[in-house]
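Reviewing the structure listed below.
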Amino acid sequence: VNTFFTGIVTLLTDFGTADGYVGAMKGVLLSEIPEVQIVDISHEIAPYSYRQAAYSLLNYAFNFPSGTVHVVVVDPGVGSKRKGLILKTANHLFIGPDNGVFSHIYRSVSYQAFQIKEQEFGSEVSATFHGRDIFAPAAARLIKGEDIENFCDPVSDLYSFYEAYQKMAEGKLILKVLHVDHFGNLITNFTYGDWLALGQPETLCAKIADIQIERIKKTFSEVGSGQYALLWDSQDFLQIAENSGRASDSLAMGEDDSIEFIIK
Amino acid sequence: VNTFFTGIVTLLTDFGTADGYVGAMKGVLLSEIPEVQIVDISHEIAPYSYRQAAYSLLNYAFNFPSGTVHVVVVDPGVGSKRKGLILKTANHLFIGPDNGVFSHIYRSVSYQAFQIKEQEFGSEVSATFHGRDIFAPAAARLIKGEDIENFCDPVSDLYSFYEAYQKMAEGKLILKVLHVDHFGNLITNFTYGDWLALGQPETLCAKIADIQIERIKKTFSEVGSGQYALLWDSQDFLQIAENSGRASDSLAMGEDDSIEFIIK
Amino acid sequence: VNTFFTGIVTLLTDFGTADGYVGAMKGVLLSEIPEVQIVDISHEIAPYSYRQAAYSLLNYAFNFPSGTVHVVVVDPGVGSKRKGLILKTANHLFIGPDNGVFSHIYRSVSYQAFQIKEQEFGSEVSATFHGRDIFAPAAARLIKGEDIENFCDPVSDLYSFYEAYQKMAEGKLILKVLHVDHFGNLITNFTYGDWLALGQPETLCAKIADIQIERIKKTFSEVGSGQYALLWDSQDFLQIAENSGRASDSLAMGEDDSIEFIIK
């Protein structure tokens, strides 16, 4: 019996919308399942940015009802062909490429992983449009109750880009910038759980060139305009934010850069 | 008895879509009300631009069916904490911050205003994500029929940025640019109603540096390519538009700038 | 009897979303037909780009279920007033201006064409907002079962910008760039059908300045990073793509440019 009957499909892509590629995926889904509820998450992931997609996915995936199918299409990029994956967690299905977009899912919940057998999706498969010809039809087949093992094989050895922060001597931590959000906030790979595990040190101090940013605040408004704050983001990652500004610009830091923190 | 049972919720934010913040709000709404119809208005409001949100809201709010809930989340910005508001008009509900996003609603229709009691939204409220943790759940509670006074108090003294145009001596008017739209049209704070109240002067003449723009046209096509026209916009504000160009660029004018008009 | 009862309406515009113009169209549709399913295709068509809209439309239109109404609103631009059109094909309805947005539909399927009688849409018609005041209401009237000839006249002599590729002496072909997509791929006006008609020449060679791009590949991954490939796009147009790059940038080519090909 199929437990995935909510018929909600979310879409996250790096396609932009103007070319009609996302429209084609929506048409396929509605043709297969007239009552499907398609939920746009974003089509403005930076081209090929599996890291941005991974962060975004974590922000919304588990807010959706049980039975939602989350489809992620970010171009797998160069070279060797990436596998098409389906992950099954307790409450959700995830469909997308094996290029790191599920990195945060892997470390958040338990899952079973499957590789899509492309040959099960007929002879009309365009080499360049997996979203329309494989991922959307796969979502439809699962929602209609087909067994996942009909067109997938179990798989392991999945690609993740996630690295934990590093703990050095003398209370020094090396964090990495996971993601720069729409407001220029620098989201790091240090979580509230990591902080608890370190014994909840009251003062964490980020050192970026001459600037020191101290103590974790509850909200922006505890610092003045143009000043920086350490905050827990909506997924409990530690972020550096600037009140009324873009921390990424004024600190000249971006994705994957390292930041030194001192525990006092 | 709840009259707000259409289950349509519109979303207007300055979040962009790529970070998944809007996705989280949608997930919360669908988890609370599986049959909700979520309508994306825009997530591309310029960061913190309550003025742009206010103009946009006026453009669509009253085209929606009776019983629609309009949610507006534009970051309240710096400093003192802004109230979360709910406005109840004859046919619609509006949820958003008290930072001016409802300025045009206040002067368009009668309403009752309420302040959301944040403590009614539990202990898990993230300091940085009111949209997901307060505004979306508040919409869901109202749609499910809960009484607004269960989690809100009546409030007055609301913030509005709207200023009427100024009438000077000798037929001179000072208008302000309310909004620059996607096509570079300059939308002013002078309405068709204002024009009627002045006795429908046939010739209004805008003076911007050496340029004079005369008479109100019915459509772009009454002037040549690269020329300017005075037109009533779709909300009956007077706008300055350039045929095949961006008036905002070529006239070097933007939001909140003043323009002198002469009644002839 | 009305066969167009699916109640799906797709929207493709050059409005952007931030001004609320698209929101107004959605409100009108939901007010007329509460159970309508509105599907956003894109609102990020470049301002006035009927060419981009035409390409996009072809990418999704026929993936939608029978009975879908496709609404396209791209500003008709300067000068003479463009007709509002409705096309009826075997399975779909198309509503939009007669400015070329349907160029690819005309050559893909058979259709009946009608011109909308604007005076049938009442006295409140704003001169500047056909999308809200004519196209959306027209879609609603058709979905509710009204006969198209109630508010439309048959029309012919429609505008199309599409030009077929040119065949010169000695195996030389002149192709044009139809469209540059989100990834910088150059999509040409040479189709898989054109290639079959030429006898499936194994080697087609594009010559752009000093660069030669040879043979049609199945996928990006057959060439190295930074190299070019000839590929069939998802609508079977021949495209020039760069692995991990934007062909449009590195080859400095754009919409409507000509490219010389040699058949070997």
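Numbers restart at 1 for each chain; the letters A, B, ... are given by sequence-line order, proteins then strands.
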Answer yes or no: does atom CD of B/Gln200 have more than 12 heavy-atom neighbours from other residues, nucleotides or ligands under 6.0 Å? yes
Heavy atoms only: give me the nearest C/Leu30-B/Gln37 pair and the separation to one decimal. CD2-NE2, 3.6 Å
Considering non-hydrogen atoms only, spot the tightest contact between C/Gly27 and B/Pro65 and give its length. O-CD, 4.2 Å
Which atom of C/Gly23 lies closest to which atom of B/Ile41, heavy atoms considered: CA-CD1, 3.7 Å
Where is the tightest heavy-atom contact between B/Asn59 and C/Ala24, given as atom of each residue plus distance? O-CB, 3.3 Å
Euclidean distance, B/Asp233 CG relative to C/Asp19 CG, rounded to 0.5 Å: 9.5 Å
For a 4.5 angstrom cut-off between non-hydrogen side-chain atoms, does C/Met25 reach B/Tyr60? no
Based on non-hydrogen pairs under 4.5 Å, which of C/Val22, C/Asp14, C/Leu29, C/Ile38 is most in contact with chain B? C/Asp14
Counting only heavy atoms not in C/Asp147 (residues, nucleotides, ligands), do more than 12 fall under 6.0 Å from its CG? yes
List for me each residue that meets side chain to side chain contact (heavy atoms under 4.5 Å, CB included) alongside C/Asp249, sequence neighbours excluded, and say none if there are none. C/Arg246
Looking at every heavy atom in both B/Ser234 and C/Tyr21, which two are closest together, and how far apart are they? OG-CE2, 3.9 Å
B/Ser56 side chain to C/Gly20 backbone, donor-acceptor under 3.5 Å: yes
Counting only non-hydrogen atoms closer than 4.5 Å, does B/Gln235 touch chain C with its backbone (N, CA, C, O), its side chain (CB onward), both, or neither? side chain
Checking heavy-atom separations under 4.5 Å from chain C, one finds in residues 181-189 of chain B B/Asp181, B/His182, B/Phe183, B/Ile187
Do any N or O atoms from the side chain of B/Asn63 and from the backbone of C/Val28 form a donor-acceptor pair under 3.5 angstrom? no
Supply the atom-to-atom distance C/Asp40 CG to B/Asp40 CG, rounded to the nearest 0.5 angstrom. 6.0 Å
